[in-house]
Amino acid sequence: MGEKHHSRMAELAKTYDPKATEERWYASWLAGGYFHADEHSSGPHFAVVIPPPNVTGVLHMGHVLNNTLQDILARFHRMDGCATLWMPGTDHAGIATQNVVEKQLAKEGLTRHDLGREAFLARVWQWKEEKGGVIVRQLQRLGASCDWERERFTMDEGLSRAVREVFVRLYEKDLIYRGQRIIHWCVRCHTALADEEAVTTEGGEASSLWHIRYPAEDGGAGLVVATTRPETLLGDVGVAVHPDDTRYQALLGKQLMLPLMQRSIPVFADTLVDKEFGSGAVKVTPAHDANDFEMGQRHHLEPLCIMDSQGIITAAGGAYAGLDRFEARKRVVADLEAQGLLVKTEPHRVPVRRCYRCETIVEPALSLQWFVKMAPLAVPALAAIRDGSLRLIPDRWTGVYLHWMENIRDWCISRQLWWGHRVPVWYCDRGHEFAARTDPSLCPTCASTAIEQDPDVLDTWFSSWLWPFSTMGWPDDTATLRRFYPTDALVTAADIIFFWVARMVMAGYELLGECPFRDVYLNSIVRDGQGRKMSKSLGNSPDPIDVIDQYGADALRFTVVSIAPVGQDVRFDTERTEFGRNFANKIWNAARFALMHLEADERSPHPDPLPAGEGTVLAAAAATSLPDRWILSRLQGVIDEVRGALAAYRFNDAASALYRFTWGEVCDWYLELSKPALYGDDEAAKAGVRRTLLTVFDQTLRLLHPFMPFLTEEIWQALPMTRPTASICIAPYPLADAAQRDDAAEARIGELIAAVTAVRNIRAELGIPPSTPVTVRIAAEGGGERVRAIEGFIRTLAKASAVEVLAAERPSGEPSAVVPGLGEVFVPLRGAVDPAAVRERLEKDLGKVEKELTGVDGKLGRPDFVDKAPPDIVDKERQKAAALRERRATLEKHLAVLRAA
RNA sequence: AGGCACGUAGCUCAGGGGGAGAGCACUUCCCUGACACGGAAGGGGUCGGCGGUUCAAAUCCGCCCGUGCCUACCA
């Protein structure tokens with residue numbers, strides 16, 4: 001510990017180690033209560049609710065992106081002075097959770113029926129307490145700044161009360177009803193599913209189209225129907241043809257003999273039939289197909305159910321009773337073939353719907369279920385998007401939303417499960433039905449005590465659609481609701497626009513008269529390196545926790561945000577995280593450099609660069625040197641860029657602006673430019689640079705904080721300055737200060753960069769090693785003042801022994817480059833290198849100039865261009881041509897000298 | 001079938017009517033006292049194809065090809 005003043009340096013390893021910081025800072029943020037949103041606060045506010053992950057869920061890359069974006073918004077607004085609420089919680093996920101526990105039971109050789117409803121539910125709760133919510137801890141690893149004190153669960157007491165209240169209200173308004181409908185039935189989960197939960201396989205699945213002859217009852221030929229589901233023939237009650245179809249006019253109204261079943265069924269006309277498809281004749285099975293059900297109703301045909309809840313053919317299926325639906329299909333086809341009634345079988349792709357939870361093929365089934373009448377609820381939800389009070393970003397999703405809303409169908413909300421909110425409807429022994437907010441003991445109509453509650457539970461989404469306000473205490477009129485509702489933004493994936501987003505909008509209007517959020521940002525879908533959707537079955541989804549362990553949470557966050565442009569899917573490969581890891585390490589090392597110099601001087605403690613408690617930056621007055629003025633000016637530029645990008649949800653643009661500034665300007669140039677002063681003897685110059693360093697780091701870290709919370713806190717806390725707040729989490733977000741914009745400084749440093757690059761380029765191309773000193777000569781435009789302002793920096797950065805301003809005469813036969821605004825930069829090398837190499841370089845330059853000149857002259861040669869293009873554009877081209885001509889002349893002169901020699 | 005999006009450097013992708021960009025990969029040089037998870041300098045693209053609008057098109061429009069996604073009552 002000899003160098004005691006460098007103790008902090010000793011702590012800072014050469015590479016950043018996320019493991020050493022992340023856990024510590026997260027704990028300190030929680031302890032500090034920074035994420036808690038105070039409902040009694042005043043001033044601006046910002047609220048966002050998390051799309052509640054399933055309690056059964058584990059973090060995947062989609063969550064990482066989604067929650068990082070929310071965290072960026074939350075942290076940004078929190079720093080920007082808003083009382084910020086990021087509402088967290090989990091979803092009880094009816095089917096998914098029930099499946100998990102049923103699987104567990106299966107290992108013990110039990111089914112839920114062995115336990116009974118009550119014991120089973122106890123078992124699910126037990127599972128939830130022990131194993132559920134892993135994802136919440138995983139979100140914390142990611143750095144999510146949720147208000148965990150408010151964490152909710154869709155089955156907790158408050159939310160259950162909200163669900164019940166909504167059901168009863170809608171029931172009383174006749175917006176909830178019970179009816180016999182064709183719904184999607186999962187024969188494995190044993191429950192009804194909403195339309196959205198029965199997913200169609202892309203492009204259909206390989207199957208066949210069977211053409212079957214149905215003879216006429218009177219012994220005639222009858223007709224041929226085409227079907228993809230021959231087994232449902234057992235439940236046919238008729239055959240439909242298009243009314244205009246000339247082929248079947250004679251058969252209309254006649255009876256056919258249903259094969260295998262020997263039942264007489266009618267032929268009728270319905271416009272739903274497509275003449276072009278198959279034979280133009282459709283077998284009608286009202287109990288097992290939604291369209292057939294419609295036609296059956298129109299033509300007063302009684303549905304005939306031939307399948308039970310497990311997909312087994314019932315007694316109504318005659319000889320086929322007891323067979324599984326697919327076995328029955330084989331047998332039916334075989335029997336038809338044996339009887340010569342199978343006309344042909346052709347390969348056909350069938351749109352098959354599968355259960356979104358277990359992927360079992362779903363069965364359209366006629367069943368008594370509860371529905372929400374959606375059309376009235378859609379009215380304000382449509383108006384909201386049309387009048388702009390609700391925005392979808394990117395807005396191309398608006399069309400998708402509108403289409404769904406305009407063609408909305410009633411929502412089947414009952415599920416034949418046990419895990420979920422139970423339908424709050426009771427039936428009494430005298431046939432009365434009623435909904436109740438609290439569990440009743442007798443029938444309100446007849447006072448009978450023989451009452452029974454509906455056994456079904458509600459669709460999981462029936463609690464999710466209330467999420468934005470149920471989590472804030474609704475139906476009570478709470479301070480939280482008044483302060484934070486409606487929320488500002490919703491960040492979610494587009495695949496749940498219908499399941500969730502659209503329904504929340506409807507619920508918000510129906511129950512609170514307001515849209516629950518203003519902006520809906522639909523984030524990218526994260527795919528694997530080959531563009532495939534990440535899925536468990538493919539095993540192509542990296543475990544984000546492993547990635548965090550390997551690279552750090554900040555690295556993962558920054559990478560994911562950087563590669564996710566608005567509205568485009570992203571491809572993620574674990575190795576891509578190196579991008580963020582490298583950036584984090586770069587920042588870390590830049591900070592080591594800064595801290596080394598900031599702490600090296602104990603005699604002159606640094607002034608606090610922060611005006612007390614404000615988000616503005618240090619007055620420009622302190623910055624005197626050119627590089628200082630430049631970097632502070634550039635800082636204002638990034639601040640505006642980042643703020644602008646965030647306001648437009650252009651997260652990747654914000655990230656890239658920060659990356660370019662931090663790495664490409666601060667590290668690549670400013671730190672290098674600061675070295676002459678820092679390593680020099682001029683104490684005043686040193687102090688100025690140190691102050692700028694401190695300001696730049698303080699401000700840049702704050703800008704970066706929402707993206708890389710851990711690293712920025714770690715470094716910020718190490719900066720030797722008076723901090724306005726205990727944590728960077730709540731430090732004011734930088735606000736650009738126009739007074740610190742300095743166009744002149746930006747121009748001068750721009751020239752410096754160009755000049756240094758030019759010299760380096762010449763060195764590299766001509767093979768002059770850094771150890772060989774060169775003299776740089778500059779034929780300056782308009783005097784040598786600009787050169788003299790930067791010559792010291794050129795000398796250091798270009799490793800030049802001297803920088804000279806040329807008088808009238810210019811060197812001949814030497815490599816050079818033109819730096820607009822500064823002049824022509826020469827690196828005299830005669831004698832030091834092979835003249836042939838110099839000539840080669842000059843010829844290459846000349847070639848480039850000629851090529852460019854040809855283009856520009858061509859443009860200027862067209863009268864249309866000169867006449868019609870805007871004058872400033874023409875002017876620019878003319879200036880370009882002039883400069884190129886001059887450059888060409890110079891190069892030719894140099895070459896002439898070389899060739900002569 | 002319809003709708004939407006995408007097709008830009010070897011790879012992954014930004015950009016978007018008047019100078020073709022980034023990261024990775026590649027070539028050459030450099031372990032220079034923040035950083036080799038680094039530095040310096042480079043090579044590489046007729047911006048999917050064909051037409052159109054325009055003084056000017058990678059950028060706007062149309063068609064085509066390819067890819068992906070969403071929606072749908074083709075039994």
Side-chain angles (χ1 to χ4, degrees), chain A residues 9 12 14-16 200 202 204 209-210 225-229 232 240 272-285 289-295 348 350-351 394 396-397 399-400 403-404 407 494-495 497-498 525 527 529 531-533 551 555 559 562-563 565 567-573 575-576 578-597 652-653 656 659-660 664 667-668 671-672 675 679 756-757 760-765 767 769-771 797-799 852 855-856 859 862-870 872-874 876-877 880:
Chain A
M9 271 306 298
L12 295 186
K14 257 175 111 169
T15 49
Y16 171 60
T200 316
E202 282 172 41
L209 186 61
W210 287 275
V225 301
T227 182
T228 56
R229 299 209 57 196
T232 62
L272 200 62
V273 179
D274 177 0
K275 284 189 289 186
E276 310 304 318
F277 187 85
S279 61
V282 188
K283 57 193 269 322
V284 177
T285 323
D289 183 276
N291 289 318
D292 291 6
F293 179 73
E294 257 184 61
M295 289 195 280
H348 187 65
V350 194
R396 64 187 159 85
W397 292 105
V400 176
H403 180 262
W404 186 77
N407 300 284
D495 56 356
I497 289 183
F498 309 136
I525 289 173
R527 301 175 173 282
R532 297 173 303 183
K533 212 163 179 169
Y551 296 99
T559 301
S562 297
I563 65 178
Q568 264 344 100
D569 287 357
V570 304
R571 295 185 182 206
F572 178 82
D573 235 309
E575 302 85 66
R576 292 192 76 171
E578 285 178 13
F579 173 73
R581 193 262 326 253
N582 293 351
F583 184 46
N585 194 240
K586 187 72 181 181
I587 298 167
W588 178 255
N589 278 291
R592 288 177 66 222
F593 171 81
L595 291 175
M596 182 172 87
H597 292 286
N652 62 325
D653 284 351
S656 114
Y659 184 91
R660 287 195 317 265
C667 293
D668 286 351
L671 295 190
E672 294 308 319
K675 285 177 182 173
Y679 291 120
V756 169
T757 304
R760 285 171 174 169
N761 171 293
I762 290 167
R763 288 190 91 116
E765 281 194 14
S771 49
L797 298 184
K799 294 192 194 311
E852 222 180 317
V856 177
K859 213 179 226 184
R862 283 198 312 270
D864 275 352
F865 174 72
V866 184
D867 294 346
K868 294 182 183 167
D872 56 316
I873 297 288
V874 178
K876 219 167 92 184
E877 292 299 317
K880 202 193 287 178

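Just so it is clear, the structure is predicted and the values come from calculations on it, not from any experiment. In what follows, chains are A, B, ... by sequence order, proteins preceding strands, each numbered from 1.
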Separation of the P atoms in B/G3 and B/C63, to the nearest angstrom: 10 Å

Touch class at under 4.0 angstrom, heavy-atom based, for A/Val273 against every strand present: base

Heavy-atom pair with the smallest gap, counting every atom of A/Asp289 and A/Asn291: OD1-N, 2.8 Å

Phosphate contact (B/A75 OP1 or OP2) by A/His348 side-chain N/O below 4.0 Å: yes

Touch class at under 4.0 angstrom, heavy-atom based, for A/Phe498 against every strand present: sugar-phosphate

Whether A/Asp573 side chain and A/Glu575 backbone form a donor-acceptor pair below 3.5 Å: no

B/G18 and B/A56, which share atom name C1', separated by this distance in whole Å: 6 Å

Touch class at under 4.0 angstrom, heavy-atom based, for A/Lys275 against every strand present: nothing

Atom-to-atom span, CG of A/Asp274 to P of B/A72 - whole angstrom: 18 Å

Nearest-Å distance once atom C1' is located in both B/G15 and B/G21: 7 Å

Sugar-phosphate, base or nothing in reach of A/Asp867, heavy atoms under 4.0 Å: nothing

Any N/O donor-acceptor pair, A/Arg396 side-chain to B/C4 base, under 3.5 Å: no

P-based separation of B/G49 from B/A36 [nearest Å]: 44 Å

Pairwise P distance for B/A14 and B/A9, with rounding to whole Å: 12 Å

C1'-based separation of B/A5 from B/A41 [nearest Å]: 40 Å

Atom pairs under 3.5 Å, N or O on each side, protein against nucleotides 38-40 of chain B: can you list them with distances?
unit_1, atom_1, unit_2, atom_2, d
B/G38, OP1, A/Asn582, ND2, 3.3
B/G38, O3', A/Lys586, NZ, 3.0
B/G39, OP1, A/Lys586, NZ, 3.0
B/G39, OP1, A/Trp663, NE1, 2.5

Touch class at under 4.0 angstrom, heavy-atom based, for A/Ala290 against every strand present: nothing

Counterpart residues, ring pair (Phe, Tyr, Trp, His ring centres under 6.0 Å), relative to A/His403 (two or more places apart): none

Interatomic distance at C1', B/C55 relative to B/U71, whole Å: 44 Å

Separation of the C1' atoms in B/A34 and B/C47, to the nearest angstrom: 39 Å

Just the atom pairs and distances: protein N or O near nucleotides 18-23 of chain B's N or O, under 3.5 Å.
unit_1, atom_1, unit_2, atom_2, d
B/G18, O2', A/Lys859, NZ, 3.1

Sugar-phosphate, base or nothing in reach of A/Thr15, heavy atoms under 4.0 Å: base

Nucleotide B/A75, atom C1' - distance to CD of A/Glu294 in whole Å: 13 Å

Any A/Lys14 side-chain N or O less than 4.0 Å from OP1/OP2 of B/C37: no

d(CG, A/Leu595; P, B/C35) in whole Å: 14 Å

Nearest-nucleotide 5' precedence on RNA chain B, A/Asp864 against A/Tyr16: A/Tyr16

Any residue meeting salt bridge (Lys or Arg N to Asp or Glu O under 4.0 Å) with A/Lys586, in chain and number order, not counting sequence neighbours: none

Side chain of A/His403 - closest among B/A34, B/U71, B/A75: B/U71

Integer-rounded Å distance: B/C29 C1' and A/Glu765 CD: 13 Å

Salt bridge (Lys or Arg N to Asp or Glu O under 4.0 Å) partners of A/Arg229, counting only residues at least two apart: A/Glu231, A/Glu363

Sub-4.5 Å side-chain heavy-atom contact between A/Ile497 and A/Trp404: no

Salt bridge (Lys or Arg N to Asp or Glu O under 4.0 Å) partners of A/Lys799, counting only residues at least two apart: none

Whole angstrom value for the distance that separates P of B/C37 from CD1 of A/Ile587: 17 Å

Short side-chain to backbone donor-acceptor contact, A/Asn589 and A/Thr15, under 3.5 Å: no

Ring pair (Phe, Tyr, Trp, His ring centres under 6.0 Å) partners of A/Tyr16, counting only residues at least two apart: A/Trp588

Atom-to-atom span, CG of A/Asp653 to C1' of B/A14 - whole angstrom: 8 Å

Pairing residues for A/Lys675 by the side-chain hydrogen bond (donor to acceptor under 3.5 Å, both in side chains) criterion, not counting sequence neighbours: A/Glu672

Residues in side-chain hydrogen bond (donor to acceptor under 3.5 Å, both in side chains) contact with A/Ser656, at least two apart in sequence or another chain: A/Arg660

Check: A/Ile873 and A/Phe865 side chains under 4.5 Å, non-hydrogen atoms: yes

Length of the NE2-P vector between A/His597 and B/C35, whole Å: 11 Å

base_contact_polar (B/A1 base, A/Glu276 side chain, donor-acceptor, <3.5 Å): no

Intra- and interstrand pairs of RNA chain B - dot-bracket, Watson-Crick/G-U under 3.5 Å, | marks other strand: ((((((((.[[[[.)..(..]]]].(((((.......))))).....[[[[[..)....]]]]])))))))....

Separation of B/U32 P from A/Tyr679 OH (nearest whole Å): 13 Å

Counterpart residues, salt bridge (Lys or Arg N to Asp or Glu O under 4.0 Å), relative to A/Glu852 (two or more places apart): none

All ring pair (Phe, Tyr, Trp, His ring centres under 6.0 Å) counterparts of A/Phe579, not counting sequence neighbours: A/Tyr659

